[in-house]
**Student:** 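Pasting a structure here, questions to come.
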Amino acid sequence: METANLQLSPEAAKFVSGPPPARMMAARGLVPLSPVDLITVQIVLSRDSDEKVAAAATQGLTGHPVNILVQAVNSSASPELLDALARLTLPWQVKEAILLSRHVSDDTLVWLAANETEEAVLEVLGGNQTRMLANQAIAEALVGNEHARLSTRKRVEEFFGGKLTARVPDLEEAELVEEPEPLVPEEEDAAASTAAADDEGEDDGFDEEALRHLLEDDESSASASPATEAEEESEGGLFKQISKMKVSAKVKLALKGNKEARMLLVKESNKMVSTSVLKNPRITDGEVIAIASSKSAIEDILRIIAGNRMWVRLPQVRSALVQNAKTPIGISLKLLPSLPEKELKQLAKSRNVSGALSQAAKRLMAQRASKH
């Protein structure tokens, strides 16, 4: 970490040049300084000749609350400070703030692109086409970083149209968002059999007669006469009944059940069960939109929806995915250009999405405005 070029305020400088006790207090963060000054002092002291002071400063730097570190990054105009922080093991939110700072240097971005191991950080970096176009070395480093998702690396490689020296290995990768193949009946049985491998005993709890209400046609279920009081009381029993079923039975029900069953099972914690709901041939576009909008949807489900060409053609699905904080940032950034101006403005101001996404929305709006 290079500290020679770090600029210290007069208040901060006295703690760096003071006696060992004063330096130790500063290293531990026990001095009255602003977040930026304190962190700058700790970075300098992390290279102090006194090993105890240096160790305390390093520990103090990595021990700050995330909001303090982000505040320091956002209020700093020092590329050297941002570079020093970028090379520390810090929460991804801090790295994201560094990436979004207009003061971060290209050298820092190249270093992060080549050395960062956190996928979320690398996905944010992969969405900053402006900086990569200005300095292609950033893209080269990112494409060569094996810690980045293959989908992120592929997206950057495709953006430069084969002009990069670095290449993503031509390997079949599960990480890329792909359209799921619909299951045929034999495959349904195979999926249930696979799940059953972990079940003990012969009875998996799939009683078609008992589950008739969850297997009947959606239209029949919707047009049925209002439930009696006794039926309403037994409704809650369905949750208990399903909870007692084994995984293989839940998968069968997810693949064959009606809307009521699908809405119950898509919330299952076991992703083999919840993702099987999307393979049910009776699932509707309306359900997919609702699932894509759900804050409780797991990442695997959102990836499958984003990878289905038929679903992702729907504007409501694209909008729901981009606005869902659970959607991987790489997918959101890829779908962002397809959104209308009104939704981009909402995203640019939204506090419910990541800073990377709101910044990308602002950049896209500016690009569109410059063309008019």
**Student:** Would you find a donor on one side and an acceptor on the other, under 3.5 Å apart, between the side chain of R318 and the backbone of V312?
**Tutor:**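 Confirmed, R318 side chain pairs with V312 backbone.
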**Student:** To the nearest 0.5 Å, tell me how far K345 NZ sits from L339 CG.
**Tutor:**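 The distance works out to 14.0 Å.
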**Student:** Any side-chain heavy atom of L61 within less than 4.5 Å of one from L90?
**Tutor:**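 Not in contact.
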**Student:** Does the side chain of I331 reach to within under 4.5 Å of the side chain of R303, using non-hydrogen atoms?
**Tutor:**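 Heavy-atom side-chain distance check passes, below 4.5 Å.
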**Student:** Begin from the C-alpha positions of F160 and M132 and carry the test side chain to side chain contact (heavy atoms under 4.5 Å, CB included) through to its verdict.
**Tutor:** CA-CA 9 Å; F160 280 87; M132 287 190 291; 3.9 Å; yes
**Student:** So which heavy atom on N74 is nearest to which on A97, and how close?
**Tutor:**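 That would be OD1-CB, 3.9 Å.
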**Student:** Just so I know, are the side chains of V251 and L255 near enough to count as touching, which here means a heavy-atom distance under 4.5 Å?
**Tutor:**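 Yes. Closest side-chain heavy atoms under 4.5 Å.
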**Student:** When you measure from the side chain of E140 to the backbone of T165, do you find a donor-acceptor pair of N or O atoms at a distance under 3.5 Å?
**Tutor:**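 Yes.
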**Student:** Return yes if some donor-acceptor pair links the side-chain N/O of R155 with the main-chain N/O of K334 below 3.5 Å, else return no.
**Tutor:**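 Judged by distance alone, no pair lies under 3.5 Å.
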**Student:** Quick check: does any side chain N or O of R282 sit under 3.5 Å from a backbone N or O of G257, one acting as donor and the other as acceptor?
**Tutor:**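 Side chain of R282 to backbone of G257, a donor-acceptor pair under 3.5 Å: yes, one is there.
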**Student:** Just how far is it from atom CG of L164 to atom CZ of R153, taken to the nearest 0.5 Å?
**Tutor:**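 With rounding to 0.5 Å, CG (L164) is 12.0 Å from CZ (R153).
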**Student:** If I take atom OG1 from residue T130 and atom CD from residue Q367, how far apart are they, to the nearest 0.5 angstrom?
**Tutor:**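 The OG1 atom of T130 sits 5.5 Å away from the CD atom of Q367.
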**Student:** Mark yes when over 12 heavy atoms from residues, nucleotides or ligands other than Q59 sit less than 6.0 Å from its CD; otherwise mark no.
**Tutor:**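 Counting neighbours around CD of Q59, 12 or fewer heavy atoms of other residues, nucleotides or ligands fall under 6.0 Å, so no.
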**Student:** Taking G18's backbone N and O only, do any of them form a donor-acceptor pair with R23's side chain (distance below 3.5 Å, no angle check)?
**Tutor:**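 Looks like yes, one N/O pair under 3.5 Å.
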**Student:** Determine whether L314 and V288 satisfy the following criterion, side chain to side chain contact (heavy atoms under 4.5 Å, CB included), listing intermediate values before the conclusion.
**Tutor:** CA-CA 10 Å; L314 300 172; V288 173; over 6 Å; no
**Student:** Would you say W92 ends up clustered with I68 if hydrophobic residues are merged whenever their side chains have heavy atoms under 4.5 Å apart, either directly or through other cluster members?
**Tutor:**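 Each belongs to a different hydrophobic cluster.
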**Student:** Under the side chain to side chain contact (heavy atoms under 4.5 Å, CB included) criterion, do L142 and E116 qualify, and how do the steps go?
**Tutor:** CA-CA 9 Å; L142 182 57; E116 180 60 43; over 6 Å; no
**Student:** If I compare all heavy atoms of A86 with all of L112, which pair ends up nearest, and what's the gap?
**Tutor:**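 Looking at all heavy atoms of both residues, the closest pair is O-CD2, 3.7 Å.
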**Student:** Please report the shortest heavy-atom distance between P79 and T108, naming the atom on each side.
**Tutor:**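 Nearest heavy atoms, P79 then T108: O-OG1, 4.4 Å.
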**Student:** Does a salt bridge link K326 with E299, judged by any charged N lying under 4.0 Å from a carboxylate O?
**Tutor:**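 The answer is no: the pair does not qualify as a salt bridge.
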**Student:** So, for T152 and G126, which heavy atoms are closest and what is the spacing to 0.1 Å?
**Tutor:**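 Looking at all heavy atoms of both residues, the closest pair is CG2-CA, 4.3 Å.
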**Student:** Closer than 3.5 angstrom, by distance alone: can the side chain of T58 be matched with the main-chain N or O of A54 as a donor-acceptor pair?
**Tutor:**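 Yes: the side chain of T58 pairs with the backbone of A54.
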**Student:** On a heavy-atom basis, which atom in L333 and which in G127 lie closest, and how many Å separate them?
**Tutor:**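 Nearest heavy atoms, L333 then G127: CD1-CA, 3.7 Å.
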**Student:** What I'd like to find out is whether the side chain of V73 reaches to under 4.5 Å of the side chain of V104, using heavy atoms alone.
**Tutor:**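 A side-chain contact is absent here, since even the closest heavy-atom pair is not under 4.5 Å.
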**Student:** State, yes or no, whether a side-chain contact exists between I304 and I301 at a heavy-atom distance under 4.5 Å.
**Tutor:**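 No; the side chains remain at least 4.5 Å from each other.
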**Student:** Nearest 0.5 Å, what's the CD1-CD distance between I289 and Q316?
**Tutor:**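 One gets 4.0 Å once the value is rounded to the nearest 0.5 Å.
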**Student:** When you compare the side chain of K362 with that of L344, does any pair of heavy atoms fall below 4.5 Å?
**Tutor:**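 No. Closest side-chain heavy atoms not under 4.5 Å.
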**Student:** Tell me whether T327 contacts the main-chain N or O of L321 through its side chain, where contact means a donor paired with an acceptor under 3.5 Å.
**Tutor:**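 Yes, the answer is positive, given that a donor and an acceptor are paired below the 3.5 Å cut-off.
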**Student:** Regarding R149 and E123, does a basic nitrogen lie under 4.0 Å from an acidic carboxylate oxygen?
**Tutor:**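 Yes, R149 and E123 are salt-bridged.
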**Student:** Between the side chain of N145 and the main-chain N/O of A113, is any donor-acceptor distance below 3.5 Å?
**Tutor:**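 Yes, the answer is positive, given that a donor and an acceptor are paired below the 3.5 Å cut-off.
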**Student:** Rounded to the nearest 0.5 Å, how far does CD of Q129 lie from CZ of F159?
**Tutor:**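 Reported to 0.5 Å precision, the distance equals 5.0 Å.
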**Student:** So do I283 and I291 actually touch side chain to side chain, heavy atoms under 4.5 Å?
**Tutor:**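 They are in contact (side-chain heavy atoms under 4.5 Å apart), so the answer is yes.
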**Student:** Determine, stepwise, if the pair Q323 / S319 fulfils side-chain hydrogen bond (donor to acceptor under 3.5 Å, both in side chains).
**Tutor:** CA-CA 6 Å; Q323 296 184 51; S319 176; 2.8 Å; yes
**Student:** Below 4.5 Å, heavy atoms only, C-beta onward: do M272 and V247 meet side chain to side chain?
**Tutor:**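 SC-SC contact between M272 and V247 confirmed.
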**Student:** Using the side-chain hydrogen bond (donor to acceptor under 3.5 Å, both in side chains) rule, take S76 and S78 through it: C-alpha gap first, then chi angles, then the decisive distance, then the call.
**Tutor:** CA-CA 5 Å; S76 174; S78 168; 4.7 Å; no
**Student:** Within the distance-only criterion (no hydrogens, no angle test), does the side chain of N135 pair as donor or acceptor with the backbone N or O of D106 below 3.5 angstrom?
**Tutor:**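 Answer holds: no.
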**Student:** Using distance only, find each side-chain donor-acceptor pair of residues 26-42 under 3.5 Å and give its atom names and separation, not counting sequence neighbours.
**Tutor:**
| unit_1 | atom_1 | unit_2 | atom_2 | d |
| --- | --- | --- | --- | --- |
| S34 | OG | D37 | N | 3.3 |
| D37 | OD1 | S9 | OG | 3.4 |
| D37 | OD2 | S9 | OG | 3.0 |
| T40 | OG1 | V36 | O | 2.7 |
| Q42 | OE1 | H64 | NE2 | 2.6 |
| Q42 | NE2 | A27 | O | 2.9 |

**Student:** Please assess E119 against H147 for the test side chain to side chain contact (heavy atoms under 4.5 Å, CB included), listing each intermediate value before the final yes or no.
**Tutor:** CA-CA 7 Å; E119 288 181 351; H147 293 286; over 6 Å; no
**Student:** Going from CD on E341 to CD on Q346, what distance comes out if it is rounded to the nearest 0.5 angstrom?
**Tutor:**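 Rounded to the nearest 0.5 Å, the CD-CD separation comes out at 11.5 Å.
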**Student:** Apply the side chain to side chain contact (heavy atoms under 4.5 Å, CB included) test between E96 and each candidate in L99, L100, I98; give the one that qualifies.
**Tutor:**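 It is L100; the other options fail the test.
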**Student:** Any idea which heavy atoms bring W311 and I305 closest together, and the distance?
**Tutor:**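 Closest approach of W311 to I305, heavy atoms only: CE3-CA, 3.8 Å.
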**Student:** Is it true that K95 and E118 make a salt bridge, defined as a side-chain N closer than 4.0 Å to a carboxylate O?
**Tutor:**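 No salt bridge links K95 with E118.
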